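Structure record follows, encoded as structure tokens.
None of these values were measured; they are calculated from a predicted model. Atom set for the values below is all heavy atoms of this structure, side chains included, hydrogens, waters and symmetry mates excluded. First listed ligand is number 1; within each ligand, the first listed atom is number 1.
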Amino acid sequence: MTTPLRTNLSANLSANLSANLSANLSVLTLPAFKDNYLWLIHDGSNAAIVDPGDAAPVKAALAAHKLRLTAILLTHHHADHIGGVPGLLQEWDVPVFGPRNDGIALVTHPLGDGEQIDVPGLDLSLDVLDVPGHTLGHIAYVRRIPGRDSGANWLFCGDTLFGAGCGRLFEGTPQQMMASLGKFTALPDDTLVYCAHEYTLSNLRFAQAVEPGNAALDARVLADGMKREAGQPTIPSTVGLERATNPFLRHGQARIVQSLVEAGRLAPGAAPVDAFAALREWKNTF
Ligand SMILES: [Zn+2]
């Protein structure tokens with residue numbers, strides 16, 4: 001169903017712009033505000049921006065790399081994810097994809113769970129997941145290439161999953177957030193996780209406090225610490241690394257449950273959702 005659309009679009013753009021749509025796609029990291037990352041997906045000619053909280057760094061990157069903006073992708077309604085949309089639309093007349101149920105008036109192409117989009121201007125198909133928790137209407141985008149796991153899978157998860165952490169529950173319940181994160185852990189281990197904030201080192205300090213003795217976690221602390229010292233982002237991480245080190249994906253682990261019980265935050269034998277909720281509460285004040 002989706003191939004003909006993409007083929008037609010490619011033919012048109014190739015004719016009009018000499019764009020090489022078969023070229024490999026790249027993702028540029030655009031830092032914004034204090035610790036946000038905006039993700040610019042491009043093929044050398046056309047580009048789509050994920051969660052442009054600020055228009056200025058996007059415009060600067062488009063100019064520096066001589067790219068044409070062809071689409072805007074939003075994950076949820078918070079200002080640091082959508083604030084740059086009006087400024088970009090002044091310069092670029094492009095579709096705005098975003099959640100159907102998160103109250104964003106700027107969205108021209110509303111999306112929900114199970115839908116797939118062909119991103120205009122790029123040889124890029126994305127699956128949409130509903131991931132309520134941080135906000136009720138929050139969505140995530142997954143690039144999945146059939147039969148090619150390695151290096152092919154990208155997850156744009158907004159403020160749902162972070163490096164070694166997860167988003168705060170501003171609107172949803174622990175049960176909802178658990179289910180949302182479960183959709184991510186079902187993705188291939190080598191899926192690259194493009195989350196929207198650089199919170200990793202702070203999250204890792206909490207992770208070590210609740211799961212001492214996790215060797216993969218200790219290794220990540222060293223590796224990500226070196227990246228930050230060198231001024232590099234720790235993002236993207238991978239689903240496999242998060243599964244091995246992120247306490248919010250590991251709340252059923254005996255050592256984490258023990259930490260929660262010892263801290264007086266969980267009754268022995270409590271349900272997994274109670275452990276998840278207690279973990280999230282603890283992190284809020286850690
Ligand atoms: Zn947010």
Under a single-linkage rule joining Ile, Leu, Val, Met, Phe, Trp and Tyr whose side-chain heavy atoms are separated by less than 4.5 Å, which residues share a cluster with Met226? none

Near the Zn ion (ligand 1), which protein N/O/S atoms are found at less than 2.8 Å? His76 NE2, His78 ND1, His134 NE2, Asp159 OD2

Donor-acceptor pair between Glu198 and Thr234 side chains, under 3.5 angstrom: yes

With a cutoff of under 4.5 Å between side-chain heavy atoms, which Ile, Leu, Val, Met, Phe, Trp and Tyr residues group with Leu241? none

Excluding Leu62, membership of its hydrophobic cluster (Ile, Leu, Val, Met, Phe, Trp, Tyr; side-chain heavy atoms within less than 4.5 Å) reads Leu28, Leu30, Leu38, Leu40, Ile49, Val58, Leu67, Leu69, Ile72, Leu74, Ile82, Val85, Leu88, Leu89, Trp92, Val94, Val96, Ile104, Leu106, Val107

Among side-chain atoms of Glu242 and Ser237, is any donor-acceptor pair under 3.5 angstrom? yes

Nearest heavy-atom contact between Trp154 and Thr191 is C-CG2, 4.0 Å

